[in-house]
Structure formats: C-alpha cells, structure tokens
Amino acid sequence: MMRLPWFEFRAPSSVAEAARILAAEGPDAMPIAGGTDLLPNMKRRHQTPRTLVSLRRIESLKKVSNGAGLTLGAGLTLTEVIHEPKAQPYGALRQAAAQVATVHLRNMGTLGGNLCLDTRCTYYNQNYEWRKAIDFCLKKDGGICWVATASKRCVAMSSTDCAPALIAIGAKAKLVSATDERELALESLYNNDGIEYLKRRPDEILTEIRLPPAAGWRSTYWKLRRRGAFDFPVLGVAAAARFAKDGTVEEARIALGAVASRPFLVPKAAEALVGKKLTDDVIAEAATLAASRAKPMDNADLDLYWRKQVAADFVGYALRELRGDDMRGTRLRIARQIL
Ligand SMILES: Cc1cc2nc3c(=O)[nH]c(=O)nc-3n(C[C@H](O)[C@H](O)[C@H](O)COP(=O)(O)OP(=O)(O)OC[C@H]3O[C@@H](n4cnc5c(N)ncnc54)[C@H](O)[C@@H]3O)c2cc1C
C-alpha cells in the first residue's frame, strides 16, 4: 500500500488568505483542489509539499458569471462545468471535461486542477521503488531522461484535456498572489518543459478562466486514449471556428494536446481555413499542417508512430464536426477502439 507522506493542511476560506499562506510558506507549499492528481503523486513521492493549502472552502473560486463572454471559477468541479447551462455554447470545453477520467474523479477534480495538471511519462508515473530501480529520471530525483537520453530537457507530456479545448476557444487565465494579479492567454500559461511546465509561480493561485463570447463560434474536442471508458489522452485535438452565414471560415484556432510538454496552438493550420469553406480538400490541408506539429514521444501508451500518424485523422474529424457533419458514428468507433 502506498501511503501519503506527512504534511500540514491549511483550509483558508478566501483567495487572499490562501495567497498569504502560499507566500509565507514558500515553494514547499502547494495548493490542492480536488486532490485527484496531487494526492496520488504525493503517494508516489513525485511531489512532497510540506504544506497543502486547500482551495475547496473558497466560495469565490466556484463562481460562474456572464459579461462579455463567460467567467468560470477555477474551483468548479468538472461535473459542474459539464452541466453548467452557460457553458453549453462552448462545445469543446464540455466535450473535453466530459472525457476526463471517470464520474467519481470528475465530481472531485476541478477545472483549475486540470489546467495545472502535472505532466506525465512512463518513467515518472510509477511508484517510488520502481523509479528507484531505474535510478530515477530527469523529472524527479534523477539525472537522465530515459525517453531521450541525450536530452537536457524533460519531455514528460502535457495530459490535460481541458487546456487544448480552452486554448482553441481563446480563453484567458487569471492568476492571483499576495502581491499582484495578472491575466494571460491560456496558451501562455504553459512551457514546453516537462518539469517547469507552468509559468505559474508557486505563490500564485489560478482563480478564473475567462472565455470570449461564443456567438458565431463552434468548437469541438477529440481525444485519443487506449480505453474508451477512461484514460489520459495520448492525443487531444481541439478546433474552434467562426463562420460567415454562407459557411466561410472567418476566424479559426486549432490546438493540440498530449504531443508535447505543453498544449499549443497551430496557427498555420488555422490560417489555412480562413476565407474558405470547409471542403474535404481544405480540411485535408489543415489536418496535414496541424499533424506536422505533433511530436509525440515514446513515453506514453500506444505506439509512437501510430499516434503521430493518426493526428491528421483526428484533426480531420474535428474539422468535419465543425463543418456540421454527423460524427457520432466516428466518436463511437473511437470509444470502442475500432480505429
Ligand atoms: C485514474 C485517473 C484518471 C485520470 N484521467 C484524466 C484524463 O483523462 N484527463 C485529464 O485531463 N486528467 C485526468 N486525471 C487527472 C485529474 O483527475 C484531473 O486532471 C483533475 O481535473 C485534476 O483536478 P484536481 O482538482 O483534482 O487537481 P489537484 O490534484 O487538486 O491538483 C492538481 C495540480 O494543480 C494544482 N492546482 C489545483 N488547483 C489550482 C489552482 N486553482 N491554482 C493553482 N494551482 C492549482 C495543484 O497544486 C496540483 O499541482 C486522471 C486522474 C486519475 C487518478
């Protein structure tokens, strides 16, 4: 049985108080929301914070508000996000959140926790004894990356489902600390580095996600995983587009997840759609451009070359769904692993 290490537990009731504790305790303190990722990580000694600062009692992190667009509190559970009526126009977010883990984990896991999710790797997501037997790895306790042995950079991969979806939607993230607050485009929250995967400082709390108005936009999220029932993504494709009345694409964004240490936009692929209708040829061109940016590593489930190969197919599925094709059969086929 894997046991948790000892830790101090603090449960503030406001963001200001939580930020004060994080500032006072320094990098040995970590926020905890649902704990669905952090607690298993602590059991495996990936992370060993001296103090956990629980965000669960902070009501302001659960707010949902309209204005120009939609603001979602980082403390909303994924189940709350899925069922939030105001979030329904943001199809990609709903589809991504609904495909995270299982019902139980979505009832506990939060949007903020999902966006700050630790990166994953075959050589890292193992218990302490397993990791010790290979003399650990670059991400934690060791000096070598077993995936790319010459690499000075950890290549553990970003495995959050909601981040690519929200990046394609054009969301912004608000970070609050004891001394300041800032807002940044969600894609700018991430570094392509398996260790320092977030630009969030240890004393900052992700408080809100701001989504732009959805009017005129359609968005979708497609996920590749081994088991249709539940599994982390080994490829995530999110696409969003604003259409003119005649079906011409006026604006578009395509984001990829689980093929690097960060989720990222592929502007060239999106540009290939603008000013055009989504014909099969236009979709094929954008899919090829997007897939060329997918650089999966041999550190996750399913064959590396096959994952790279199907990236274009998945971008194609996403764009065909945006075009209005009925893709339910394809989704079902993927969920049943008939690829
Ligand atoms: C079996 C299993 C399957 C899973 N499958 C998936 C999957 O398919 N897709 C997927 O995306 N995830 C998956 N997860 C991971 C996890 O359950 C979800 O990502 C969940 O949304 C994490 O949210 P949480 O609130 O539990 O985060 P926590 O575990 O509480 O925190 C995760 C990280 O985020 C930080 N954090 C949390 N909230 C904030 C905040 N507001 N501000 C700053 N930092 C914060 C924590 O310090 C920690 O580093 C899975 C987990 C398990 C155990």
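When a ligand or atom number is given, it counts from 1 through the structure's own listing order.
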Taking NZ in Lys132 as the centre, count heavy atoms belonging to other residues, nucleotides or ligands within less than 6.0 Å. Is the count above 12?
no
Any heavy atom of Lys223 closer to ligand 1 than 4.0 angstrom?
yes
Do Thr279 and Asp281 have a side chain donor and acceptor closer than 3.5 Å?
no
For atom 9 (N) of ligand 1, what is the closest protein heavy atom, and at what distance to 0.1 Å?
Asp161 OD2, 2.7 Å
Which ligand 1 atoms are under 4.0 Å away from a heavy-atom of Phe230?
1 (C)
Hey, are Thr79 and Asn107 close enough side-chain-wise for a donor-acceptor pair under 3.5 Å?
yes
Protein contact to atom 13 (C) of ligand 1 [nearest heavy atom, distance to 0.1 Å]
Phe232 CE2, 3.1 Å
Lys139 and Thr119 side chains, donor-acceptor separation under 3.5 Å:
yes
Top protein contact for atom 20 (C) of ligand 1, by heavy-atom distance
Thr36 OG1, 3.4 Å
Of all the non-hydrogen atoms in the protein, which one sits nearest to atom 52 (C) of ligand 1, and at what distance?
Leu105 CD1, 3.7 Å
Does Gln88 reach the main-chain N or O of Ile82 with its side chain, forming a donor-acceptor pair under 3.5 Å?
yes
Thr160 neighbourhood, listing ligand 1 atoms whose heavy-atom distance to it stays under 4.0 Å:
11 (O)
If the cut-off is 4.0 Å to any non-hydrogen atom of Leu117, which atoms of ligand 1 fall inside it?
11 (O), 12 (N), 15 (C), 19 (O)
Test item: side-chain donor near acceptor, Gln99 and Asp161, under 3.5 Å:
no
Charged tip of Arg227 within 45° of Phe230 ring normal and under 6.0 Å:
yes
To the closest 0.5 Å, what do you measure between CZ (Arg182) and CD (Glu204)?
4.0 Å
Quick one: does Arg200 get within less than 4.0 Å of ligand 1, heavy atoms only?
yes
Proximal atoms of ligand 1 relative to Leu55 (non-hydrogen, under 4.0 Å):
38 (N), 39 (C), 40 (C), 41 (N)
Less than 3.5 Å between some nitrogen or oxygen of Ile205 and one of ligand 1, yes or no?
no
Give yes if a backbone or side-chain nitrogen or oxygen of Gln47 is under 3.5 Å from a nitrogen or oxygen of ligand 1, and no if not.
no
Ignoring hydrogens and geometry beyond distance, is a side-chain donor-acceptor pair present between Glu321 and Thr220 at under 3.5 Å?
yes
If you scan protein heavy atoms around atom 33 (C) of ligand 1, the nearest is Cys116 O, 3.7 Å
Go through ligand 1 atom by atom and flag the ones less than 4.0 Å from a non-hydrogen atom of Leu38.
29 (O)
Report yes if Ala101 has an N/O atom closer than 3.5 Å to an N/O atom of ligand 1; otherwise report no.
yes
Does at least one non-hydrogen atom of Ser159 fall below 4.0 angstrom from an atom of ligand 1?
yes
Tell me whether Gly34 has any N or O atom under 3.5 angstrom from an N or O of ligand 1.
yes
Can Ser177 and Arg201 be counted as having a side-chain donor-acceptor contact under 3.5 angstrom?
yes
So which pairs with a foot in residues 182-229 pass ring-ring contact (aromatic ring centres under 6.0 Å, His included), sequence neighbours left out?
Trp222-Tyr317
Say whether Ala33, considering both its backbone and side-chain N or O atoms, lies within less than 3.5 Å of an N or O atom on ligand 1.
yes
Looking only at protein heavy atoms, identify the closest one to atom 19 (O) of ligand 1 and say how far it is in Å.
Asn114 ND2, 2.8 Å
Pairs of nitrogen or oxygen atoms closer than 3.5 Å, one from Asp231 and one from ligand 1: do any exist?
yes
Strictly by modelled atom types, are Tyr124 and Asn299 linked by a side-chain donor-acceptor pair under 3.5 Å?
no
In this structure, atom 41 (N) of ligand 1 is nearest to the protein heavy atom Leu206 O, 2.9 Å
Between Arg50 and Phe7, is NZ or CZ placed under 6.0 angstrom from the six-membered ring centre and within 45° of the ring axis?
no
Do Asp193 and Ser261 have a side chain donor and acceptor closer than 3.5 Å?
no
min-distance protein heavy atom vs atom 46 (C) of ligand 1 -> Pro31 O, 3.1 Å
Which of the atoms in ligand 1, numbered in the order shown and given with their element, are less than 4.0 Å from a heavy-atom of Leu78?
21 (O)
Heavy atom to atom 48 (C) of ligand 1, shortest distance: which of Arg120, Met30, Met42 holds it?
Met30
